[in-house]
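Within every chain, numbering begins at 1; the chains are lettered A, B, ... in the order of the sequence lines, protein sequences first and strands thereafter.
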Amino acid sequence: MKEYDHKKIDPPTLKLRTGKKKMAEYNHLRIEKKWQNIWEKNGIYHANNNSKKPRYFSLIEFPYPSGAGMHVGHIRSNTAMDIISRKRRMEGYNVLYPIGWDAFGLPTENYAIKTGIHPIKVTKDNTDTFRKQLKALGFSFDWSREINTTDPKYYKWTQWIFLQLLKKGLAYKAKMFINWCPSCKIGLANEEVVDGACERCGTVVEKREKEQWMLAITKYADRLYKDLDDVDYLEKIKIQQRNWIGKSLGINVTYPIEGLNKTVTVFTTRPDTNFGATFLALAPDGIFVKENLSFFPNKKGVLAYIKQVNKRTDIERLAEGKKKTGVFTGLYAVNSLNNKKMPMYVADFVLGGVGTGVLVGVPGHDMRDFEFAQEMKLEIVRVVVGPDGDTSPITRKEQVQEDTGTMINSGFLNGIDIHEATKKIMEYMEEKGYGKKVTTYKLRDWVFSRQRYWGEPIPVVHCEKCGVVPVPEKDLPVKLPMVKNYQPTDSGESPLANISKWVNTKCPNCKGEAKRETDTMPNWAGSSWYFLRYVDPKNNKEFASKKNLEYWLTSPQPLSLSRRGGNTGGIDWYNGGMEHTTLHLLYSRFWHKFLYDLKLVPTSEPYMKRTSHGMILGEGGVKMSKSLGNVINPDDIVKTYGADTLRLYEMFMGPFDQSVAWSSDSIMGPRRFLERVWRMSRTVLDMDSKMSRTVLDIKFEMRIHQTIKKVSEDIEAMKFNTAISSLMIFVNEVEKNNFPLSTFHLKTFLQLLSPFAPHIAEELWSILGEKKSINLSTWPKWDENLIKNEEIKIAVQINGKLRAEIMIGADDKEADVQHRVLNNEVVLKHIAGKEIKKVIYVKDRLISIVV
RNA sequence: GCCCGGAUGGCGGAAUUGGUAUACGCGCACGACUUAAAAUCGUGUCUCGUAAGGGAUGUGGGUUCGACUCCCACUCCGGGCACCA
């Protein structure tokens, strides 16, 4: 590549090129291929299921092998966790850093439909491409444990877990309105609908009533919420999950209905304002309306209103803004607190799925209730006085007091703060027998049916006599039939329904005629437990052996890595995208807890630690996408600059947790750095190794120890950018001082570099005469005593302004330093004729004089 | 609307968590090498000023000997949730 002229940089006093073998130029293509082959041949990244070493399980989200191949954004997480994994190996851990493919799902199926190539073949081709790409980057995956969710040997166990859920009543069928994407022709989970549109294709979703398989994740809502306290997740991840689960404490209040021998129950978190309740509003799709419509005096009007509401999609409903509509039912509920008659309305701002599907309107203290009351000309009663002291009737929305204040017009609650009042009235209502404290969650049960081909068949059959019958475990897996046509249907039925040969089967129970379930699982199914399979990927008897699960999830860790708090084990470190926080991350916690309850996994949480990476954007800060033509393919970068450069650049670009824009100019920085590392190593090797060391060598002993500390600590904090910058600083210093580096310290430097740029580090390591892989060497330790500078530059401030800098000895006493400073020429000039009021001394930092 | 982030040179970003703002990298300028270019190496690179010195971390206030960092009020950008009773 390049020939270096180092006449200028080599110190004239040193003997150069002593005839030892000359190092070739830095040829990334040759080196990277060479070491990837050697590593693979020697299996040095294989994890051992029976090791005396402490275990370390590091995990990335397994990729979806799309047809487009990977782009540079996909490997940010892989690189980060590869660095962590490599460091752990060098620290003496038995590391499991696995990889696999999450390959069921729509993109593959759609591509297959478009091209006529079978999804099995598409998946095979795509995984081959991805595997090649990943291997070219030198990740230290244990490839012997590679898994694929579309492999029948794998999805056998996905189906098996489903059967356990079914057995425990957590999988059930329900007829319900689902989000139907008319373009993908598939039902969507709530989590897959974004702004009323399909997350994948952007088409506005429709409501369709359909019988669906559901998973009762809400049964675990409380634990999924509470156990977040015990895990070491990034705070923003915990917050997002908590918001999604949406726990709220409130009370169900039951009101009698006037003239009817019936009651209506309302959920409210604000019973404190109940003296100000003036109406009730019912959700058009709520249970109350469904069950009691025939009793409504204004049945006709209500029916007309519901019909009109149903015509609109969610998008239209929200686009019309906050203008509230509704219709009076003709019924009145009676407020037991004050015997007030509250008219009951049907209104579409009330959601059937929230609380009981009925809300009690307190227009004085809730903005939506206020808007509705204004539209319907309903009474508004003030029961709270806010900090502004306003006690006048509420007629403007600015007066609506929601979050703070003191009660008035509320009988025994008068004068009490609203929060206190909430507690008090809850107890009162429970005592009187018409209130019951409850906790509700925003989280809904998980819609688990998909009407498509390329997914795990749901392993049940429908028998006319026996009903839904699970496929016996011994008959698993229920394999997807090989067919030519898997076009989705408009009817909302799975394409599997057309394959009569497959559908028609015998009931395992009565041996009579039966039909297979034709819905398949969503592609979140396979990823909800995949990490467990890694510990025992070839097991045909169980999804993973107890022994391996226990070793990889719960075997004791050395003190330095064990966590405080209630955590009892799990995967040590899991990094992934924020976009999975309320999907995969939540689903997999749910499945894991379920398996824990069956005593099939040894920990109640799957992941001890979860971090997240920022996206890599295209040049100019826009999203990388095929349509914009700004996708950077890692293959091109690897070819031109090398895998080491790409890895280094991705980690150097900016803070790991923030999004950064790709820059094809900036990548030269890391490339040049590696070339300088190469040259530094060559120069050090060229020099006579027995040459006597000067003062400079002590300086570099200190430097290397500072670098060990910085790199070690920064990797743990995922501050890869500053770790790399400290490596660069080290090389700069060595160059500037004409390479006064011993091979011993050079080797230490290469060890620090190796997690980031494993190939070049390994090559130089071997050139320096090491026989064993640098990856199996011991991570260097720093000595605090060697880090300390003997001389320190401190700042001198006068009235907060920097006026001078002085050098002091590390052990100089404060009094001596002060004395020197106060006699400093510059300082004297600035304090002349003034009285010194105060002197502040910050050790090793500065001295601040106030005059 | 609510909840999280974020704003620092021409650009990506750093700052020991209250202690010398702009590390490291990119880019740019000049110089060396070269017939020349590229590459490489060296020097410089926030800003006003000849200098002494002054001003700069989105805006405006505050606390402090000292603020990118803490507090109050705002602006803009990114992400999440959203008629959740």
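- Looking at which nucleotide of RNA chain B each of A/Gln240 and A/Asp844 is closest to, the 5′-most match is held by A/Asp844.
- B/U20 and B/U57: their P atoms are spaced 16 Å apart (whole Å).
- Salt-bridge annotation for A/Lys397 and A/Glu402: absent, with no side-chain N of the basic residue lying under 4.0 Å from a carboxylate O of the acidic one.
- One atom, CZ of A/Phe370, and another, C1' of B/G1, lie 16 Å apart when rounded to the nearest Å.
- Of the candidates B/C83, B/U20, B/G53, the closest approach to any side-chain atom of A/Lys829 belongs to B/G53.
- For the pair A/Lys236 NZ and B/G5 C1', the computed distance is 7 Å after rounding to whole Å.
- Using Watson-Crick or G-U wobble geometry with both donor-acceptor distances under 3.5 Å, B/C24 finds its partner in B/G12.
- Checked against B/G25, B/G53, B/A23, the side chain of A/Ile729 finds its nearest nucleotide in B/A23.
- Counting non-hydrogen atoms under 4.0 angstrom, A/Lys719 reaches the backbone sugars and phosphates but no base.
- With distances taken from any side-chain atom of A/Thr722 to the nucleotides B/C83, B/U20, B/A15, the minimum falls on B/A15.
- Between B/C71 and B/G6, the distance separating the two P atoms is 12 Å to the nearest Å.
- Taking 4.0 angstrom as the limit, A/Arg803 places a side-chain polar atom (N or O) nearer than this to OP1 or OP2 of B/G54.
- Between the side chains of A/Asp644 and A/His28, not a single donor N or O lies within less than 3.5 Å of an accepting N or O.
- A/Lys623 places its NZ atom 13 Å from the P atom of B/G78, with the value rounded to the nearest Å.
- Residue contacts for A/Arg242: at a heavy-atom cut-off of 4.0 Å it reaches no nucleic acid atom on any strand shown.
- At the phosphate of B/C83, neither OP1 nor OP2 sits under 4.0 Å from any side-chain N or O atom of A/Lys442.
- By the neighbour-count criterion of 12 heavy atoms within 6.0 Å, atom NZ of A/Lys437 is densely surrounded, having more than that number from other residues, nucleotides or ligands.
- What separates OH of A/Tyr649 from P of B/G12 is a distance of 11 Å, to the nearest Å.
- Side-chain contact annotation: A/His580 with A/Glu61, donor-acceptor N/O pair under 3.5 Å present.
- Residue A/Ile239 is classed as a sugar-phosphate contact, given heavy-atom separations below 4.0 Å to backbone atoms only.
- Here A/Val842 lies in heavy-atom contact (under 4.0 Å) with a base.
- Using cut-offs of 30° and 60° on the angle between ring planes, the pair A/Tyr587 and A/Trp446 is parallel.
- With a glycosidic angle further than 90° from 0, B/U20 counts as anti.
- At a threshold of 4.0 angstrom between heavy atoms, the contacts of A/Lys837 with the nucleic acid are absent.
- In this structure, A/Phe279 has its ring center under 6.0 Å from that of A/Phe372.
- Taking only side-chain nitrogens and oxygens, A/Asn721 comes nearer than 4.0 Å to OP1 or OP2 of B/A14.
- With rounding to whole Å, A/Lys710 atom NZ is found 13 Å from B/C24 atom P.
- Among the nucleotides B/G54, B/C81, B/U20, the one closest to any side-chain atom of A/Trp244 is B/C81.
- Comparing B/G9 with B/G44, their C1' atoms sit 15 Å apart, to the nearest whole Å.
- Nucleotides B/G18 and B/G55, compared at atom P, are 25 Å apart to the nearest Å.
- B/U8 and B/A67 have their C1' atoms separated by 14 Å, given to the nearest Å.
- Rounded to an integer number of Å, the gap from A/Leu234 CG to B/G5 P is 10 Å.
- Glycosidic conformation at B/G9 (O4'-C1'-N9-C4 for purines, O4'-C1'-N1-C2 for pyrimidines): syn, within 90° of 0.
- B/A67 is unpaired under the Watson-Crick or G-U wobble criterion, no partner having all donor-acceptor distances under 3.5 Å.
- Here, B/C68 and B/U17 have their C1' atoms 11 Å apart, quoted to the whole Å.
- Residue A/Asn732 is classed as a sugar-phosphate contact, given heavy-atom separations below 4.0 Å to backbone atoms only.
- Comparing B/G54, B/A85, B/C65 against the side chain of A/Lys801 picks out B/G54 as the nearest.
- For B/C41, the OP1/OP2 oxygens have a side-chain nitrogen or oxygen of A/Arg679 closer than 4.0 Å.
- For A/Thr265 and A/Asn252, the side-chain atoms include no donor-acceptor pair closer than 3.5 Å.
- Listed candidates were B/C24, B/C83, B/C65. Nearest to the side chain of A/Phe349 is B/C83.
- Comparing the same atom, C1', in B/G27 and in B/G10 gives a spacing of 8 Å after rounding to whole Å.
- The separation of B/A38 from B/C24, taken at their C1' atoms, amounts to 26 Å, rounded to a whole angstrom.
- Protein atom CG of A/Leu822 is 19 Å distant from nucleotide atom P of B/C65, rounded to whole Å.
- You'll find that the side chain of A/Phe652 is closest to B/G12, out of B/U20, B/G12, B/C65.
- Of the candidates B/G13, B/C24, B/A85, B/G13 carries the atom nearest the A/Pro655 side chain, counting heavy atoms from C-beta on.
- Pair check for B/G1 finds B/C81; Watson-Crick or G-U wobble, both atom distances under 3.5 Å.
- Remark: B/U40 base-pairs with B/A32. Criterion, Watson-Crick or G-U wobble with two distances under 3.5 Å.
- No more than 12 heavy-atom neighbours from other residues, nucleotides or ligands sit within 6.0 angstrom of CD1 on A/Ile287.
- Side chain of A/Ser848, nearest nucleotide from B/G25, B/G19, B/C24: B/G19.
- Contact annotation for A/Ser663: no contact, since no heavy-atom pair falls under 4.0 Å across all strands.
- Side chain of A/Arg672, nearest nucleotide from B/G55, B/G27, B/C41: B/G27.
- Relative orientation of the A/Phe749 and A/Phe673 rings is perpendicular, given thresholds of 30° and 60° on the angle between their planes.
- The number of heavy atoms from other shown groups lying within 6.0 Å of CD (A/Glu398) is above 12.
- We find that NZ of A/Lys736 is positioned 12 Å from P of B/A23, with the value rounded to whole Å.
- The pairing partner recorded for B/G18 is none, the criterion being a Watson-Crick or G-U wobble arrangement whose two distances lie under 3.5 angstrom.
- Put simply, the side chain of A/Ser666 and the base of B/C26 share no donor and acceptor less than 3.5 Å apart.
- Mapping A/Asp369 and A/Gln797 onto RNA chain B by nearest heavy atom places A/Gln797 closer to the 5' end of the strand.
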